[in-house]
Amino acid sequence: MFRFMFRPVSRRCLAALLTICATGVAADTVTVFAAASTKTALDEISALYAGSTGNRAVVSFAGSSALARQIESGAPADVFISADTGWMDRLEDQGLVDPATRRDLLGNSLVLIGTGGDPVAITPDLDLPALLGNGRLAMALVDAVPAGIYGKAALQGLGLWQGVAPHVAQTDNVRAALALVASGEAPLGITYVTDAVAEPRVTVLGRFPAESHPRIVYPAAAVTGGAALDFLDFLRSPRARAAFAAQEFVVLGDE
């Protein structure tokens, strides 16, 4: 006849068991790679998403070009939100995003910013070098980052690029260009209007005509192999759309 001995479980063992059980029911985490210009809105939306679903959205912000290249290199992302269609097209062509989940999410506009001064009309007659004096025009990378690409296209469309190109200070993303102006390191910059709204130290001096550059569209899609449909759906919810609109994004409908 066998006799079984039962010993009380120590507090340390009980805590370990509870941790294991909690891990088994832990909330899902969605990893989002998003254009730097969406940071203020997406920080709010991520909190709303967590409160609504119990799941977490961990968002990495950078220039769309840098994020796309990270996805190409195998970085673990579930969702990609680009500030232009070109980088999303590139990933789709490689089978790295799911085209069935792709949606045009937002629109934006370009502005000239400073830390003060009088408004200016952005026309072919604008003398940007004179406004800059000995300073620099802060822009995101003009051949890689969408904000910089749009900005260069707008200046070219207005016939202003050649005169101002030697005075441009390029940054890795649009929020870095915004920071140069906000800190006073550059007197002027070109950003999206949504960036200017997010930074109280800068002022919008003028808006670039929409026809001076390609239409600004932010597509969003699930990265192939990711599990992100609920987050993509949440991005189109009334609360998320209101958060985007509060930052002056143009919220696009289903097309």
Side-chain angles (χ1 to χ4, degrees), residues 34-43 61 63-65 81-85 105-133 135-161 163-165 167-218 243-252:
S37 52
T38 64
K39 181 175 178 14
T40 304
L42 277 182
D43 282 346
F61 298 101
S64 300
S65 55
I81 303 174
S82 176
D84 78 342
T85 57
L105 184 66
L106 304 167
N108 214 332
S109 57
L110 282 180
V111 293
L112 181 70
I113 61 169
T115 54
D118 296 326
V120 298
I122 301 182
T123 69
D125 297 324
L126 180 63
D127 190 349
L128 267 177
L131 290 177
L132 290 168
R136 296 281 181 171
L137 177 67
M139 296 178 66
L141 293 169
V142 299
D143 294 319
V145 177
I149 293 171
Y150 290 126
K152 180 180 177 180
L155 292 170
Q156 288 175 323
L158 294 166
L160 302 176
W161 174 249
V164 79
H167 307 283
V168 171
Q170 298 188 53
T171 63
D172 288 341
N173 60 68
V174 69
R175 285 296 172 102
L178 176 72
L180 283 182
V181 178
S183 65
E185 294 183 58
L188 299 174
I190 296 177
T191 69
Y192 300 117
V193 66
T194 52
D195 299 300
V197 168
E199 175 51 76
R201 292 176 292 175
V202 307
T203 302
V204 174
L205 301 178
R207 289 183 182 246
F208 286 84
E211 64 273 13
S212 65
H213 56 80
R215 183 182 178 220
I216 301 173
V217 175
Y218 289 61
F244 282 127
Q247 297 300 314
E248 294 200 28
F249 282 103
V250 177
V251 182
L252 304 179

Are side-chain heavy atoms of Leu112 and Ile122 found at a separation under 4.5 Å?
yes
Of the non-hydrogen atoms in Gln247 and Ala41, which two are nearest, and what is the gap between them?
CG-CB, 4.0 Å
Backbone of Arg201 reached by a side-chain donor or acceptor of Glu199 within 3.5 Å
yes
Scanning both residues in full, the closest heavy-atom pair of Val111 with Ala196 reads CG2-CB, 4.4 Å
Counting C-beta onward and ignoring hydrogens, is there a side-chain heavy-atom pair between Thr171 and Leu180 closer than 4.5 Å?
yes
Which heavy atom of His167 sits nearest a heavy atom of Gly163, and at what distance?
CD2-O, 3.6 Å
Measuring only between side-chain heavy atoms, which start at C-beta, is Ile190 closer than 4.5 Å to Leu110?
yes
CG/Asp84 to CD1/Ile216 distance, rounded to the nearest 0.5 angstrom?
9.5 Å
Got Phe244 and Leu42 here, is their nearest side-chain heavy-atom distance under 4.5 Å?
yes
Measure the shortest side-chain to side-chain distance between Ile81 and Phe61 over non-hydrogen atoms and say whether it is less than 4.5 angstrom.
no
Which atom pair, heavy atoms only, marks the closest approach of Ala144 to Ser65?
O-CB, 3.4 Å
Asn108 versus Val250: any side-chain heavy-atom pair under 4.5 Å?
no
Is it true that a side-chain atom of Tyr192 and a backbone atom of Ala147 form a donor plus acceptor pair closer than 3.5 Å?
yes
Tell me, do Leu128 and Leu188 make a side-chain contact under 4.5 Å, heavy atoms counted?
yes
Okay, side chain of Ser64, backbone of Ala83: is any donor-acceptor separation there less than 3.5 Å?
yes
Check whether the side chains of Ser37 and Asp195 place a donor and an acceptor atom closer than 3.5 Å, and report yes or no.
no
In terms of side-chain geometry, is the basic nitrogen of Glu248 or Arg207 positioned less than 4.0 Å from the acidic oxygen of its partner?
yes
Closest non-hydrogen contact found for Val168 with Trp161 is CG2-CZ3, 4.0 Å
Nearest-0.5 Å distance, CG of residue Leu106 to CZ of residue Phe249:
5.5 Å
Met139/Leu155 under side-chain contact (heavy atoms from CB on, under 4.5 Å): CA gap, chis, key distance, verdict:
CA-CA 12 Å; Met139 296 178 66; Leu155 292 170; 4.1 Å; yes
What verdict does the side-chain contact (heavy atoms from CB on, under 4.5 Å) test give for Ile149 and Asp143, after you've listed the backbone C-alpha separation in whole Å, the side-chain angles of each residue and the deciding distance to 0.1 Å?
CA-CA 6 Å; Ile149 293 171; Asp143 294 319; 5.8 Å; no
Intermediate values then yes/no, side-chain contact (heavy atoms from CB on, under 4.5 Å), Ile113 and Leu178
CA-CA 8 Å; Ile113 61 169; Leu178 176 72; 3.7 Å; yes
Show every side chain to side chain donor-acceptor pair (under 3.5 Å) that has at least one partner inside residues 116-130, sequence neighbours left out.
none
I need the minimum non-hydrogen distance between Ala198 and Thr40, along with the two atoms involved.
CB-OG1, 3.3 Å
When you look at Val202 and Thr191, which way does the side-chain contact (heavy atoms from CB on, under 4.5 Å) test go after all the steps?
CA-CA 11 Å; Val202 307; Thr191 69; over 6 Å; no
The criterion is ring pair (Phe, Tyr, Trp, His ring centres under 6.0 Å); which residues satisfy it with Tyr150, sequence neighbours excluded?
none
Thr115 side chain reached by Val181 side chain, heavy atoms, under 4.5 Å:
yes
Would you say the side chains of Thr38 and Arg175 form a donor-acceptor pair under 3.5 Å?
no
